[in-house]
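This report refers to the structure that appears directly beneath it.
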There are 2 protein chains.
Amino acid sequence: MAEQGGGMSGLGCLGCSLRQRNEWCVLSEEETRILSRNLKKRQYRAGETIFSAGEPSHGIYCVVSGAVAIRKGDGEGNAVLLRLAYPGDTLGYRGLLLGENRRYSAEALGPSKLCFVDQTVTRLLLDRNSALGRQFLRRIAADMDEAHDHLVRNATLSNRGKFVYLLLALMNRHGRTASDGSRFMELPLSRRDLASMIGARHETLSRIIGRLEEDGLARFSGRTVHVIQPHSLFREIRPPTLLD
Amino acid sequence: MAEQGGGMSGLGCLGCSLRQRNEWCVLSEEETRILSRNLKKRQYRAGETIFSAGEPSHGIYCVVSGAVAIRKGDGEGNAVLLRLAYPGDTLGYRGLLLGENRRYSAEALGPSKLCFVDQTVTRLLLDRNSALGRQFLRRIAADMDEAHDHLVRNATLSNRGKFVYLLLALMNRHGRTASDGSRFMELPLSRRDLASMIGARHETLSRIIGRLEEDGLARFSGRTVHVIQPHSLFREIRPPTLLD
DNA sequence: CTCAAAATTTGACCATCGTCAATTAACCCG
DNA sequence: CGGGTTAATTGACGATGGTCAAATTTTGAG
């Protein structure tokens, strides 16, 4: 039998700290118990596939811990890493709403826990609690904004700019600040995946990384990155157009 | 007093042919009347701004006729044309859901009619008819898919490829087929806007267009485009990887 | 620990793209 | 219709990015 809930043993979702921060927060205590009883929590190994593009949607996933890569192909072998999902994020709501097959794949980047909520349960809860629907609307609207911002950056920035932006974004999630103000992190992605996130070849990314090191903006060693002066990176993508 | 409804005089929204095809189709006759009484229909001239990024959202817009450009800036003067909206499309729902200011601008490309529905009315209807919320969810989910596809294309295709794709998409909306199978259309956009849609400079677009003409794939004259063999254009973006 | 496979880096080379500048064409207001 | 402004094209050139190939490093299975 699958473990239930997100946190301490018997409490189920009620004890899940994530509940405060995602759409399920509007559920009553009883509704939360329904959710608890009907979800399947599962641990994924690094690299394991959670679901794949093209297969039917049976429900949604909620990231509990770890990080998940959202990949989408163009039908010709080329696959792009669209975004990363983190604890509190909900995946695969599109199938729930449109009843279509999955349009992208989800893969655990490292060891990750996800909760699966079947369609029937979600629909039941959506019917019982209209606020839940509103929460989903907000979630999607926010995702939409993010996608639009992404589109604008892609149209505006050079590959180097896009990568710098990506680095800063990853740093926000994965970085730690040292006592001297410099920041460092362990990259959750291979170079190939980093390259696919900015729509460039991995060879190109290698060179971009090389140039960033030459320019003294960052130091790369395997998956470890040190950014000495985060400010300098910011300047890269926010050029001194007007006085800032 | 603003005109009401979308079609023949007294019928209001009930007579609006668009209603069949957008989210409002789930409203009852009485709810539709409420909608009719509370919307403001307005004609916009070519180039006229419907709303601008940064200003507060007071409601949503429904495109009745014409075409609308959705523009989004990156905060540094660079503005990108994200997409075009056509009759039946709903604009600006994000503000309704998140209560935030507009994140993009909307501008009439040619003479266009739009209906404005105030927040309070939309919320009233959303409360009365829960199916309406579901419709909005579907709408946004579909928009989301489109945005993701856009992201994948941007990461995958060259500028030429992106432009060919754009041409074919515009052809679907604006094109007519001649007796010999060739297609032609009047472009709804300036070269600059076309360029910004594919994230390229207008000089680059000029050269892409030049090369497409050299290659005999299309003929451009002002805003008129002739595509002799639509198949050849398709081949551009769907290379003969495997046997098709 | 060892070895093979996969990932990453590097080089060479060419195509594409952006920038600056100059020209030409199209458009709008009066 | 004219004049001025904006849009579009073209050229030159440097910068960036993609492709192919080879070398090097890292990773993972056994």
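Being a predicted model, the structure only gives us computed values, none of them experimental. In what follows, every chain begins at residue 1, and chains take the letters A, B, ... in the order their sequences are listed.
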Candidate nucleotides C/dG18, D/dG18, C/dT8, ranked by approach to the side chain of A/S190 - the nearest: C/dT8
Between C/dA7 (C1') and A/L194 (CG): distance, integer Å: 12 Å
Protein-nucleotide distance (A/I209, atom CD1; C/dT8, atom C1'), rounded to Å: 9 Å
A/L96 CG to A/H58 NE2 distance, which is reported to the nearest 0.5 Å: 13.0 Å
Length of the line joining B/L157:CG and C/dC17:P, which is rounded to integer Å: 11 Å
Length of the CG-C1' vector between B/L189 and C/dA26, whole Å: 17 Å
Phosphate OP1/OP2 of C/dT19: any B/R201 side-chain N/O under 4.0 Å: yes
Whole angstrom value for the distance that separates P of D/dT6 from CG of B/D193: 16 Å
Rounded interatomic separation in angstrom, taking CZ from A/R223 and C1' from C/dT9: 16 Å
Selection from C/dA7, C/dA12, C/dC20 that lies nearest to any side-chain heavy atom of A/R207: C/dA12
Of the listed nucleotides C/dG18, D/dG18, D/dA21, the one nearest the side chain of A/E203: D/dA21
Any donor-acceptor N or O pair under 3.5 Å, side chains B/D143, B/Y93: yes
Closest to the A/R211 side chain, choosing from D/dG17, C/dC17, D/dA7: D/dG17
Options D/dG17, D/dG18, D/dA8, nucleotide nearest the side-chain atoms of A/A200: D/dG18
Nucleotide D/dT26, atom P - distance to CZ of A/F220 in whole Å: 16 Å
Aromatic ring proximity, centroids under 6.0 angstrom, B/H174 and B/Y86: yes
Proximal nucleotide (of D/dG17, D/dT9, C/dT9) relative to the B/S206 side chain: D/dT9
side-chain N/O B/T204 vs C/dG18 OP1/OP2, d < 4.0 Å: yes
Options D/dA12, D/dT9, C/dA7, nucleotide nearest the side-chain atoms of B/R191: D/dT9
A/T177 and A/R183 side chains, donor-acceptor separation under 3.5 Å: yes
Side-chain donor-acceptor pair present, B/T224, B/E186, cut-off under 3.5 Å: yes
Closest listed nucleotide, where the reference is the side chain of B/H202 and the choices are D/dG18, D/dT9, C/dC17: D/dT9
Length of the CD-C1' vector between A/E214 and C/dT9, whole Å: 14 Å
Residue whose closest nucleotide on DNA chain D lies nearer the 5' end, B/L205 versus A/R160: B/L205
